[in-house]
Amino acid sequence: MHDSFRLSDPDERDLAAGEYVLGTLEAPQRAEFEALLAVSPDLQASVDAWREHLQLLNQQLTPVSPPQRLWPEIAQRLGLRTGLLQRLGFWRTISGVATAAALALAVMALAPREPAMMPGEYVFVINQPNGQPAWILNATLNGKMMVQAVAPGPMPVGKGGELWMMENGTPVSLGMLPTQGQATMQLPAKMLNLMKTADFAVSMEPSAGAPGGKPSGPVIDEGKLVQIRGNTVSL
């Protein structure tokens with residue numbers, strides 16, 4: 001994927017869906033994409049469309065037999081034992097049925113990749129009032145929070161979203177959320193033991209922060225951190 005990775009842009013999301021299907025997203029990008037994919041029907045439809053499109057393309061291509069010298073080179077790059085592949089007849093089978101597109105997909109599927117893990121152990125998908133994801137917040141066990149703006153939506157001039165965490169019934173500001181791109185926050189050490197069960201909320205506040213350090217504007221969304229289990233976001 002190119003250096004720019006802005007899931008807040010519809011065109012970028014569609015492009016990311018295609019690269020997700022091909023398996024070319026880097027691990028952090030794939031994790032961010034899958035978090036949004038879990039809650040976005042539109043993005044799920046885009047992924048399905050890309051899969052169908054690539055399958056149709058694959059069916060239209062003329063089968064070709066790759067040169068024999070290619071197999072040892074691929075096996076070496078993938079760290080596979082050539083002898084084992086020959087005994088299984090793996091490459092012989094592939095060479096008889098693979099098209100150019102199918103071969104590329106097979107190589108990418110076998111290539112060693114980092115597991116599709118979120119950059120943290122917990123996630124909170126912050127939605128707009130219409131139910132569309134606005135931000136994705138990932139949190140680590142040591143209280144580091146990484147926030148990705150997806151589609152915060154238009155706000156009045158001079159306003160933004162402020163993140164709050166409840167500490168024994170009192171809202172504590174964790175900072176303003178980014179209008180685009182990413183931002184990092186650190187949970188105070190004294191609040192780490194509350195992180196897993198505390199309520200979080202985002203309210204619309206002045207860009208400089210809520211006056212007096214207390215929520216003053218309408219609540220955009222509220223919820224709790226959800227633990228990420230293996231490669232799946234539990235929502």
Side-chain angles (χ1 to χ4, degrees), residues 4-10 12-13 16 28-29 31-43 117-228 233-235:
S4 174
F5 189 70
R6 298 178 296 116
L7 291 181
S8 57
D9 186 318
E12 292 279 346
R13 287 199 297 273
Q29 295 173 333
E32 180 184 328
F33 183 89
E34 288 177 342
L36 180 57
L37 181 65
V39 297
S40 174
D42 290 341
L43 196 55
M117 293 294 291
M118 299 292 294
E121 288 77 29
Y122 295 87
V123 64
F124 174 27
V125 179
I126 303 162
N127 292 322
Q128 301 178 31
N130 64 6
Q132 293 298 313
W135 294 273
I136 298 175
L137 184 153
N138 308 128
T140 63
L141 291 174
N142 62 6
K144 182 179 180 180
M145 295 188 172
M146 294 149 283
V147 184
Q148 169 70 42
V150 178
M155 291 191 184
V157 176
K159 297 286 187 178
E162 188 165 0
L163 178 65
W164 305 87
M165 175 179 169
M166 299 300 293
E167 181 186 21
N168 300 322
T170 301
V172 176
S173 175
L174 300 180
M176 299 298 295
L177 299 178
T179 56
Q180 60 182 2
Q182 301 178 0
T184 301
M185 305 174 178
Q186 179 61 51
L187 197 67
K190 65 176 183 177
M191 300 175 68
L192 285 178
N193 63 330
L194 303 174
M195 181 178 70
K196 297 179 183 179
T197 58
D199 290 318
F200 288 80
V202 175
S203 62
M204 184 184 299
E205 304 292 347
S207 298
K214 297 181 180 180
S216 62
V219 174
I220 298 174
D221 196 9
E222 56 186 332
K224 297 179 182 290
L225 294 178
V226 179
Q227 185 174 11
I228 300 171
V233 179
S234 301
L235 294 173

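This one's a predicted model, so the numbers in the text were calculated from it and none came from an experiment.
- Here the closest heavy-atom approach between residue Trp164 and residue Gly213 is recorded as CZ3-O, 3.3 Å.
- Counting all heavy atoms, side chain and backbone alike, Thr197 lies closest to Lys224 at O-NZ, 2.7 Å.
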Legend entry - side-chain contact (heavy atoms from CB on, under 4.5 Å) assessment of Glu167 paired with Leu194: CA-CA 7 Å; Glu167 181 186 21; Leu194 303 174; 3.8 Å; yes

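- Rounding to the nearest 0.5 Å places CH2 of Trp135 at 10.5 Å from CG of Asn127.
- A side-chain donor-acceptor contact under 3.5 Å links Glu121 to the backbone of Leu141.
- Checking side-chain atoms of Glu205 against main-chain N and O of Gly217 turns up a donor-acceptor pair under 3.5 Å.
- For the side chain to side chain contact (heavy atoms under 4.5 Å, CB included) test with Met195, the passing option among Asn142, Leu225, Thr140 is Leu225; the others fail.
- Rounded to the nearest 0.5 angstrom, Phe124 CZ and Met145 CE are separated by 10.0 Å.
- Using modelled atom types, no side-chain atom of Gln180 and backbone atom of Ala149 make a donor-acceptor pair closer than 3.5 Å.
- When atom types are taken as modelled, the side chain of Ser203 and the backbone of Pro218 share no donor-acceptor pair closer than 3.5 angstrom.
- Within 6.0 Å of NZ on Lys196 lie no more than 12 heavy atoms contributed by other residues, nucleotides or ligands.
- The CE atom of Met176 lies 9.5 Å from the OG1 atom of Thr179; values are rounded to the nearest 0.5 Å.
- Summarising the geometry of Pro178 relative to Pro152, their closest heavy-atom pair is O-CG, 4.2 Å, with the distance given to 0.1 Å.
- With rounding to the nearest 0.5 angstrom, the CE atom of Met165 is 13.5 Å from the CE atom of Met185.
- Residues Val123 and Ile136 are in side-chain contact: their nearest non-hydrogen atoms beyond the backbone lie under 4.5 Å apart.
- Residue Val202 comes nearest to Gly161 through the heavy atom pair CG1-CA, 4.0 Å, listed as atom of the first residue, atom of the second, then distance.
- Side-chain atoms of Asp221 do not come within 3.5 Å of backbone N or O of Ile126 as any donor-acceptor pair.
- Heavy-atom minimum distance, Ala210 versus Glu162: N-OE1, 2.8 Å.
- When all heavy atoms of Met166 and Ala198 are compared, the pair lying nearest together is O-CB, 3.7 Å.
- Atoms CD and CD, on Gln182 and Gln148 in that order, are 4.5 Å from each other to the nearest 0.5 Å.
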Inset, instruction - Could you give me the CA-CA distance, side-chain angles and deciding distance for Leu187 and Leu174, then say whether side-chain contact (heavy atoms from CB on, under 4.5 Å) is met? - result: CA-CA 7 Å; Leu187 197 67; Leu174 300 180; 3.6 Å; yes

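- To the nearest 0.5 Å, atom CE of residue Met204 and atom OG of residue Ser216 are 10.5 Å apart.
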